[in-house]
Structure formats: structure tokens, C-alpha cells
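The structure displayed is predicted, hence computed values, not measured ones.
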Amino acid sequence: MTKVQITVNGEATAADVEPRLLLAHYLRDTVGLKATNIGCDTTSCGACTVLLDGESVKSCTLLAVQADAQEVTTMEGLSADGEHLHPVAAAFRAEHGLQCGFCTPGMVMATVSLLKENPTPTEREIREGLEGNLCRCTGYHNIVRSVIAASGQDPDTVQGLNGHAETAPSGGVEVAPGFSTGSDS
Amino acid sequence: MIPVGFDYERPDSVDGALALLAERGEDAKILAGGHSLLPVMKLRLAAPELVIDIGRIAELRYIRVDGDEVAIGAGTRHHDLEASAEIAAEVPLLGAVARTVGDPQVRHRGTIGGSLAHADPASDLPAAVLALGGTVVLRSPRGERSVPITDFYTGVFSTVMEPDELVVEIRVPRTGTAGWAYEKFTRRANDWAIVGVAVVDGRVGLVNMGQTPLRASATEAALAGGASIDEAAALAAEGTDPPADLAGTKAYRAHLARVLTKRALTTAQG
Ligand SMILES: Cc1cc2nc3c(=O)[nH]c(=O)nc-3n(C[C@H](O)[C@H](O)[C@H](O)COP(=O)(O)OP(=O)(O)OC[C@H]3O[C@@H](n4cnc5c(N)ncnc54)[C@H](O)[C@@H]3O)c2cc1C
Ligand code: FES
Ligand code: FES
């Protein structure tokens, strides 16, 4: 067993854990915070996304011991209470960015990290920024609107025809969800 | 999925990590970002007795311009590369390639050292470092050695590294901002390359076209001999032995290599 001390949502937590304990299980089972969902358990779906020292990470692919002496934020830690929602959570509610809600804590945490790095993203940047988070319900449209709204932009203006980039960053034609990038064009 | 139990150490220096490796290298695994190692441990395809976590060794996380080269600490994360102004100015190919790895969460954790050491021929960064003609710096209690990336890979998931060696640094030449491109072909967002092509200064690195990252040497020779982009790109799959899997046959990958090489060379030409 190894002793870990992890600050979760601003509060000190500590436990003797097996080194193989995943951070997702530490949060859900040891600390008892159940917002962080485990979907795929294979680093694909993003449902388990939390912030580690302010950056989005997938807690199914992190050991609790790797987060020792660091700060973790989960969906529970974002909003003061149900009446005073964090702007990202409020935007997901206002723009109807969820249906069943399973992906939502991961989507919201990934969005918080995205907006910290890029406060006014374009639609394309949002879609790419959330590519590590899967939603089986919404078709993503309202999730993207929620993120646009959370960034203080108007979804109806940003998410228009202009937002749907048809050209790759390099100027070439976008043919697949692959990447084309390069100099001088 | 839960890994088999293991002992865990988190040394705070390279020397500390090397001492542990020297003592228990055969039974131990280095953990950097953990985004290749933990998935295989969770599937129980790997079950090291000791995990040595180097993920927080500060002296391994840096990007420094050093003469004609850029020196990058092995613990530098993919996100560090994509966000770095030095990388954007001195060797932009590397930042652009890092940006295509996985998704933001993966890039917040995965490291360049882990990516190179893992030696998966489908990884993006090894082929980029190969196209750049970079060097991998290895350290062990016996000392330090620099291995040109052309000599680093010996096969799928295998390199010339000894069990007591650690990748400490990656060195790549400063290229300036012109003459590069990366084409990564995937069918889904957030996926590995079916094929990828990195071009810089007339050198061409191929992702997922063989057991190791490869240079498209026939293409490079043709370009050096004055061939047109069309002529040179037509040779991109020569001497390669791509895998066949659900994502594509060998012939499909060879076709992709030629098409992507043409696109990358065209973009790089500006
Ligand atoms: C969902 C997902 C998607 C991904 N998509 C891509 C992609 O599109 N393209 C891509 O290239 N990669 C992709 N990856 C892999 C990712 O880039 C990994 O981060 C990377 O391959 C390994 O880096 P790491 O730091 O996580 O290494 P770890 O997982 O910590 O280690 C990997 C291996 O390297 C060894 N090692 C690590 N550091 C050192 C060192 N300094 N010295 C010696 N040995 C060392 C370890 O012992 C281990 O064997 C993806 C991963 C995931 C989970
Ligand atoms: S549960 Fe972690 S990414 Fe799906
Ligand atoms: S709302 Fe159901 S998975 Fe996203």
C-alpha cells in the first residue's frame, strides 16, 4: 500500500491505496464522488475526464499515486451549489447540451480546460478540442452551442455556415478527419 | 480493468530513476505519461513488478534552443510541444505533429520520450523526428550516449535501448518555419494514423508503413536528383512493408503513402 494525499475540489483527501488503483476509482469509491463516470475504461470516451492541476486528463488512465500531492477537480467541485452553477455548467443547461447526461461531467471538465487554453474558440476549435469526449445522445450540436455560449460568444453567430470550415488549416481540402498542416500556405 | 499489482516508486531525479533501473531494470517499467503503458497494463499484456514513475521529474521537461539544434527533455508533453513558441519558431513540424496525437487529454499526459521509447510504428512523433534527422540521448549508470534516430529502432516496440537506459533528451535540427508539412490520414477523430507522412527540408518520414518509422528514401533520392513532386511521390512506398489490418490492406496503405507524400511535398513547397 502507498499513502496518497490528493486535494480534491479544494479539500484534502488521504488514503492508503494499492499503486494499481486508478484515479477514477479513487474519486468514485475512496472519496465517494460519483460525478466522474467510467464509460469505456480505455481512454476513448472521455466520460472520466477531470482536471489535474487545472488540465483535463482521463482518470481511467491515471493511477491515483500519479496524482499524489496534486490538485484534482471534478464536476462536483465546479459549482458552488445547484443555484449558482459554474458558467460552463450553466451554459450546458441553457443550451440543452445534454440528454442522458452520462458524458456530461466529462464534457464539462474538458470544456473548462479547453476554455482556459483558448477563451474564445471557433466552432472548429471546439469540435477538435472535445474530440476526446464521446456523446451517444446529442449529436454534439447542442454541446458545441453550449461551449460557444460558455465562452461568452453567441451560438447563432459563431455556429453558422462560416463556422463549418471546409478547408484544412494548410489551405488544402479537408478530406477526412485526418490532419493536414504545413508551412507557407 | 485493473492492472496486476506492482510496486511503485516516484524518484524526483534522473539519478534516482537510473539507480532504481540499475537495481531492478529487468523487472521494472518506466512510466512517463502512462498513456501507452497503463492501457497495456490494464489489459494485462504487461505486468511489471516495479513501476518507476518519471512523470514528475522536472529536469526532464524542457525545450531549449542549443546552437543549431533544439533540445527537448524526454518528459516534455505533447501539449508542451504544441503550445511552445520556441517549437513554433524553430521546428514547427514537431508542434504540428504533436497536435495530431490523440486528443487534448492524451496530449496533457503523453511525453515525447515515451512516444519514442514505446516504438509503435503507428506513432506520429517518431516519424517526425526521423524526418528531422534527430538524435535520441540515452543515459544509464554507465554514462550517456547519443543515438541517431535512424539507428534507434530495431522492430515493432523495440529499440537499441538497454534495460538500464533512460531516454533523457531528443535533439532535432532547427529548421526555421518553411519547407515542412504533416499529413495524417485517419477515418475517425482522435485516432491513430492509418498512414502519416512528415516532410521537412526534402526529407520524408513515414508513419505506419513498416515495422519501424521509415524514411521514403526513393522519394528523397528522386527529389535530390531534381525529380518533380509527382515523380518523387510515386516512389513513396518503395522499400516499405506496411501492415494489413481492419483499417486497410498493404496496397491501400501504399496508395495512401504516395498520395499523402504528394500532398505533403506540395504543402511544404509553399
Ligand atoms: C486514446 C489514445 C490515443 C492515442 N493516440 C495517439 C496518436 O494518435 N498518435 C500517437 O503517436 N500516439 C497516440 N497515443 C499514444 C500517446 O502518444 C502516448 O502518450 C505515447 O505513445 C507514450 O508516451 P507516454 O509518455 O504516455 O509513455 P508511457 O506510457 O509512460 O511509456 C511508454 C513506454 O515507453 C517507456 N518509456 C517512457 N518514457 C521513457 C524514457 N524516458 N526512457 C525510457 N523508456 C521510456 C515505458 O517504459 C513504456 O514502455 C495515444 C494514446 C491514447 C491512450
Ligand atoms: S472511461 Fe476514461 S476515457 Fe472512457
Ligand atoms: S448526453 Fe447521453 S451520452 Fe451524451
Side-chain angles (χ1 to χ4, degrees), chain A residues 2 17-22 25 38 40-46 48-66 68-70 106 109-110 113-114 117-118 127-134 168-173 175-185, chain B residues 1-10 31 33-35 38-39 41-43 51 53 55-56 79 83 92-93 96-97 99-100 102-109 124 175-191 193-194 196 199-200 260 263-264 266-270:
Chain A
T2 304
V17 301
E18 280 192 82
R20 62 177 169 166
L21 183 73
L22 301 175
H25 291 136
I38 299 173
C40 65
D41 204 8
T42 57
T43 340
S44 304
C45 74
C48 65
T49 300
V50 300
L51 305 184
L52 178 62
D53 284 347
E55 284 183 334
S56 59
V57 297
K58 292 179 172 177
S59 62
C60 73
T61 312
L62 217 77
L63 302 168
V65 288
Q66 286 177 282
D68 181 33
Q70 295 194 279
M109 300 318 285
S113 185
L114 168 68
E117 283 163 25
N118 182 357
R127 290 186 184 275
E128 287 181 358
L130 294 180
E131 68 179 322
N133 294 72
L134 302 180
S170 63
V173 178
V175 286
F179 292 86
S180 303
T181 182
S183 52
D184 281 343
S185 50
Chain B
M1 295 179 299
I2 313 286
V4 176
F6 52 84
D7 296 334
Y8 174 84
E9 296 283 353
R10 193 174 58 239
L31 177 87
H35 272 52
L38 288 178
M41 285 175 62
K42 286 172 71 179
L43 292 168
V51 166
D53 183 357
R56 278 200 253 164
H79 178 74
L93 172 70
V97 171
R99 220 189 80 65
T100 74
D103 53 51
Q105 291 96 318
V106 171
R107 299 197 291 274
H108 282 148
R109 298 301 300 173
D124 301 291
T175 61
T177 56
W180 64 275
Y182 187 55
E183 290 284 339
K184 173 174 180 173
F185 195 83
T186 62
R187 280 200 298 216
R188 303 175 302 190
N190 170 27
D191 214 349
I194 298 173
V199 163
V200 60
L260 298 177
R263 285 189 197 151
T266 307
T267 303
Q269 194 182 44

Please give me the minimum heavy-atom distance between L62(A) and R109(B), naming the atom from each residue.
CD1-NE, 3.3 Å

Approximate separation, where rounding is to 0.5 Å, of I2(B) CD1 and D41(A) CG:
7.0 Å

Would you say P19(A) and V51(B) make side-chain contact, with heavy atoms under 4.5 Å?
no

Counting heavy-atom pairs under 4.5 angstrom with chain A, the leader among T266(B), V106(B), L43(B), L31(B) is L31(B)

Evaluate the side-chain proximity of R20(A) to M41(B): yes if any heavy-atom separation is below 4.5 Å, no if none is.
no

Non-hydrogen atoms of chain A under 4.5 Å away: do they reach the side chain of P3(B), the backbone, both or neither?
both

Applying a strict 4.5 Å limit to non-hydrogen atoms, the region of L21(A) in contact with chain B is neither

Nearest 0.5 angstrom please: E117(A) CD to H79(B) NE2, how far?
3.5 Å

Work out which heavy atom in Q66(A) is nearest to a heavy atom in L38(B); give both atom names and the distance.
OE1-CD1, 3.5 Å

Heavy-atom proximity to chain B below 4.5 Å, by part of T61(A)
both

Do the non-hydrogen side-chain atoms of N133(A) and Q105(B) ever get within less than 4.5 Å of each other?
yes

Can you find a side-chain donor-acceptor pair between S56(A) and H108(B) that sits under 3.5 Å?
yes

Contact between K42(B) and L22(A) at the side-chain level, heavy atoms closer than 4.5 Å - yes or no?
yes

If every non-hydrogen atom of P104(B) is compared with every non-hydrogen atom of G129(A), which pair is closest and at what distance?
CG-O, 3.2 Å

Answer key: most heavy-atom pairs under 4.5 Å with chain B among L63(A), T42(A), T2(A) is L63(A)

Give me the atom names and distance for the closest heavy-atom approach of T43(A) to P39(B).
OG1-CG, 4.2 Å

Under 4.5 Å from a heavy atom of chain A, the part of V97(B) involved:
neither

E131(A) and D103(B): which non-hydrogen atoms are nearest, and at how many Å?
CG-CB, 3.8 Å

Can you tell which part of S44(A) gets under 4.5 Å to a heavy atom of chain B, answering side chain, backbone, both or neither?
backbone

